[in-house]
Amino acid sequence: MIDKIDRLDRKILNIVMHNARIPSKDVAVVCGVSRAAVHQRIQRLIDMNVITGSGYHVNAKILGYATCTYIGVNLERGAMYRDVVPELEKIPEIVECHFTTGPYTMLVKLYARDNEHLMELLNKKIQMIPGVTGTETLISLDHSIAREIPINTEI
(Lines give C-alpha, C1' and ligand atoms only; values in the text may rest on other atoms or scores of the structure.)
Protein backbone atom coordinates (compact mmCIF):
# COMPACT_ATOMS: atom_id res chain seq x y z
CA MET A 1 0.00 0.00 0.00
CA ILE A 2 2.85 2.40 0.76
CA ASP A 3 3.80 2.37 -2.93
CA LYS A 4 0.34 3.79 -3.76
CA ILE A 5 1.05 6.94 -1.73
CA ASP A 6 3.07 9.40 -3.77
CA ARG A 7 4.80 12.69 -2.95
CA LEU A 8 1.62 14.76 -3.51
CA ASP A 9 -0.38 12.47 -1.20
CA ARG A 10 2.28 12.90 1.48
CA LYS A 11 2.30 16.67 1.06
CA ILE A 12 -1.48 16.80 1.38
CA LEU A 13 -1.37 14.52 4.45
CA ASN A 14 1.28 16.68 6.06
CA ILE A 15 -0.99 19.72 5.71
CA VAL A 16 -4.36 18.24 6.70
CA MET A 17 -3.10 16.22 9.66
CA HIS A 18 -2.05 19.47 11.31
CA ASN A 19 -5.32 21.24 10.48
CA ALA A 20 -8.21 19.04 9.35
CA ARG A 21 -10.40 22.12 8.85
CA ILE A 22 -8.13 23.80 6.32
CA PRO A 23 -10.05 24.55 3.11
CA SER A 24 -9.16 22.39 0.10
CA LYS A 25 -8.45 25.54 -1.90
CA ASP A 26 -5.69 26.50 0.57
CA VAL A 27 -4.17 23.00 0.36
CA ALA A 28 -4.36 23.22 -3.43
CA VAL A 29 -2.44 26.52 -3.46
CA VAL A 30 0.36 25.10 -1.28
CA CYS A 31 0.55 21.92 -3.37
CA GLY A 32 0.24 23.62 -6.75
CA VAL A 33 -2.76 21.57 -7.90
CA SER A 34 -6.50 22.13 -8.29
CA ARG A 35 -8.98 22.00 -5.43
CA ALA A 36 -10.67 19.05 -7.17
CA ALA A 37 -7.36 17.16 -7.22
CA VAL A 38 -6.93 17.73 -3.48
CA HIS A 39 -10.49 16.59 -2.79
CA GLN A 40 -10.00 13.44 -4.92
CA ARG A 41 -6.68 12.64 -3.24
CA ILE A 42 -8.15 13.06 0.23
CA GLN A 43 -11.13 10.85 -0.67
CA ARG A 44 -8.75 8.19 -2.04
CA LEU A 45 -6.67 8.34 1.16
CA ILE A 46 -9.86 7.88 3.18
CA ASP A 47 -10.90 4.92 1.00
CA MET A 48 -7.44 3.37 1.51
CA ASN A 49 -7.76 3.85 5.31
CA VAL A 50 -4.69 6.09 5.37
CA ILE A 51 -6.93 8.80 6.84
CA THR A 52 -9.09 7.09 9.44
CA GLY A 53 -11.02 9.90 11.01
CA SER A 54 -11.53 13.57 11.45
CA GLY A 55 -12.92 15.70 14.18
CA TYR A 56 -12.07 17.90 17.08
CA HIS A 57 -9.79 17.26 20.02
CA VAL A 58 -11.68 17.84 23.25
CA ASN A 59 -9.97 19.08 26.42
CA ALA A 60 -11.15 16.53 28.99
CA LYS A 61 -10.03 18.68 31.95
CA ILE A 62 -12.30 21.55 30.94
CA LEU A 63 -15.18 19.06 30.77
CA GLY A 64 -14.52 17.98 34.35
CA TYR A 65 -12.26 14.95 33.80
CA ALA A 66 -9.19 16.02 35.77
CA THR A 67 -7.42 12.64 35.86
CA CYS A 68 -5.91 10.96 32.81
CA THR A 69 -4.97 7.39 33.68
CA TYR A 70 -3.35 4.42 32.02
CA ILE A 71 -4.41 1.04 33.37
CA GLY A 72 -2.32 -2.06 32.79
CA VAL A 73 -4.80 -4.95 32.69
CA ASN A 74 -3.91 -8.62 33.10
CA LEU A 75 -6.21 -11.39 31.91
CA GLU A 76 -6.51 -15.08 32.81
CA ARG A 77 -5.55 -15.85 29.20
CA GLY A 78 -4.49 -13.51 26.42
CA ALA A 79 -7.15 -15.02 24.16
CA MET A 80 -9.80 -13.51 26.45
CA TYR A 81 -8.92 -10.12 24.95
CA ARG A 82 -11.72 -10.49 22.39
CA ASP A 83 -14.26 -11.07 25.17
CA VAL A 84 -13.00 -8.29 27.44
CA VAL A 85 -12.87 -5.51 24.82
CA PRO A 86 -16.69 -5.36 24.34
CA GLU A 87 -17.06 -5.02 28.12
CA LEU A 88 -14.51 -2.20 28.22
CA GLU A 89 -16.34 -0.47 25.36
CA LYS A 90 -19.35 -0.15 27.69
CA ILE A 91 -17.30 2.16 29.94
CA PRO A 92 -17.49 5.60 28.28
CA GLU A 93 -14.53 7.01 30.22
CA ILE A 94 -12.21 4.57 28.40
CA VAL A 95 -10.84 6.30 25.31
CA GLU A 96 -8.18 3.79 24.18
CA CYS A 97 -7.46 0.10 24.56
CA HIS A 98 -4.41 -1.79 23.29
CA PHE A 99 -3.57 -5.52 23.27
CA THR A 100 0.09 -5.48 24.31
CA THR A 101 3.24 -7.45 24.92
CA GLY A 102 5.18 -7.00 28.14
CA PRO A 103 3.92 -7.00 31.72
CA TYR A 104 0.24 -6.37 30.83
CA THR A 105 -2.14 -8.13 28.49
CA MET A 106 -3.86 -4.84 27.75
CA LEU A 107 -3.21 -1.16 28.26
CA VAL A 108 -6.25 1.09 28.69
CA LYS A 109 -6.40 4.88 28.73
CA LEU A 110 -9.26 6.53 30.56
CA TYR A 111 -10.37 9.83 32.02
CA ALA A 112 -11.87 10.18 35.49
CA ARG A 113 -13.36 13.19 37.24
CA ASP A 114 -11.24 12.61 40.35
CA ASN A 115 -9.62 9.82 42.39
CA GLU A 116 -12.96 8.67 43.80
CA HIS A 117 -14.38 8.30 40.29
CA LEU A 118 -11.20 6.47 39.23
CA MET A 119 -11.56 4.04 42.13
CA GLU A 120 -15.19 3.41 41.15
CA LEU A 121 -14.19 2.70 37.54
CA LEU A 122 -11.46 0.31 38.68
CA ASN A 123 -13.23 -1.52 41.49
CA LYS A 124 -16.82 -1.62 40.24
CA LYS A 125 -16.31 -1.84 36.49
CA ILE A 126 -12.91 -2.88 35.11
CA GLN A 127 -11.93 -5.37 37.83
CA MET A 128 -15.42 -6.91 37.72
CA ILE A 129 -15.09 -7.96 34.07
CA PRO A 130 -14.81 -11.76 33.80
CA GLY A 131 -11.24 -12.73 32.91
CA VAL A 132 -9.57 -9.66 34.43
CA THR A 133 -7.11 -10.92 37.05
CA GLY A 134 -5.40 -7.67 37.98
CA THR A 135 -4.77 -4.04 37.14
CA GLU A 136 -2.00 -1.52 37.66
CA THR A 137 -2.83 2.17 37.63
CA LEU A 138 -0.53 4.82 36.18
CA ILE A 139 -1.80 8.38 36.57
CA SER A 140 -0.61 10.91 33.99
CA LEU A 141 0.69 14.02 35.71
CA ASP A 142 1.11 16.05 32.52
CA HIS A 143 0.46 15.68 28.80
CA SER A 144 3.55 16.98 27.03
CA ILE A 145 3.45 15.70 23.43
CA ALA A 146 0.47 15.00 21.17
CA ARG A 147 1.16 14.61 17.47
CA GLU A 148 0.74 12.41 14.45
CA ILE A 149 3.45 10.28 12.91
CA PRO A 150 5.73 12.40 10.68
CA ILE A 151 5.11 12.27 6.95
CA ASN A 152 8.22 12.23 4.78
CA THR A 153 7.35 14.30 1.71
CA GLU A 154 10.68 13.55 0.01
CA ILE A 155 9.75 9.99 -0.93
Side-chain angles (χ1 to χ4, degrees), residues 1-73 75 78-102 104-114 117-118 121-122 125-126 129 131-132 135-155:
M1 172 149 356
I2 190 96
D3 58 327
K4 294 181 181 179
I5 301 169
D6 64 15
R7 180 177 283 159
L8 178 57
D9 291 329
R10 290 172 183 277
K11 195 168 186 178
I12 292 168
L13 279 172
N14 220 7
I15 295 167
V16 300
M17 69 188 233
H18 291 96
N19 180 4
R21 297 182 340 171
I22 189 170
S24 294
K25 65 180 177 60
D26 294 351
V27 178
V29 169
V30 172
C31 294
V33 297
S34 71
R35 188 172 74 185
V38 169
H39 179 73
Q40 289 170 346
R41 293 287 184 124
I42 289 174
Q43 188 56 54
R44 189 171 118 276
L45 292 167
I46 290 168
D47 293 344
M48 293 170 56
N49 285 325
V50 175
I51 297 174
T52 58
S54 65
Y56 299 98
H57 295 284
V58 176
N59 186 332
K61 285 185 180 183
I62 290 176
L63 295 177
Y65 291 89
T67 305
C68 175
T69 307
Y70 294 87
I71 311 291
V73 179
L75 304 179
M80 296 183 82
Y81 173 74
R82 287 178 183 80
D83 299 323
V84 172
V85 169
E87 297 303 311
L88 292 171
E89 286 178 330
K90 294 176 185 176
I91 304 169
E93 293 87 352
I94 293 177
V95 296
E96 288 184 30
C97 177
H98 302 268
F99 187 38
T100 63
T101 61
Y104 313 114
T105 311
M106 304 167 73
L107 189 62
V108 172
K109 179 180 178 182
L110 65 79
Y111 288 96
R113 291 184 301 274
D114 51 34
H117 183 215
L118 175 59
L121 291 170
L122 283 167
K125 295 192 177 184
I126 296 171
I129 296 171
V132 172
T135 60
E136 185 172 346
T137 305
L138 306 161
I139 295 176
S140 172
L141 300 175
D142 190 24
H143 183 155
S144 304
I145 299 172
R147 61 182 171 204
E148 295 295 325
I149 193 78
I151 305 293
N152 184 350
T153 57
E154 300 303 316
I155 294 177

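The structure presented is a predicted model; accordingly, all values stated were derived computationally and were not measured.
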Within-4.5 Å side-chain heavy-atom neighbours: [X] and [Y]:
X: I126; Y: L88; result: yes
X: E93; Y: T67; result: no
X: E96; Y: Y70; result: no
X: F99; Y: T105; result: yes

In Å and rounded to the nearest 0.5 Å, what is the [atom1] to [atom2] distance from [X] to [Y]?
X: T69; Y: H117; atom1: OG1; atom2: NE2; result: 10.0 Å
X: R113; Y: L121; atom1: CZ; atom2: CG; result: 7.5 Å
X: I12; Y: H39; atom1: CD1; atom2: NE2; result: 11.5 Å
X: H98; Y: K109; atom1: NE2; atom2: NZ; result: 8.5 Å
X: R10; Y: L13; atom1: CZ; atom2: CG; result: 8.5 Å
X: I139; Y: I71; atom1: CD1; atom2: CD1; result: 8.0 Å

Legend entry - Ion pair K4/D9, N-O distance below 4.0 Å: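 Salt bridge flag = no for D9 with K4.
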Legend entry - H57 side chain vs N59 backbone, donor-acceptor pair below 3.5 Å: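 It does not hold such a pair.
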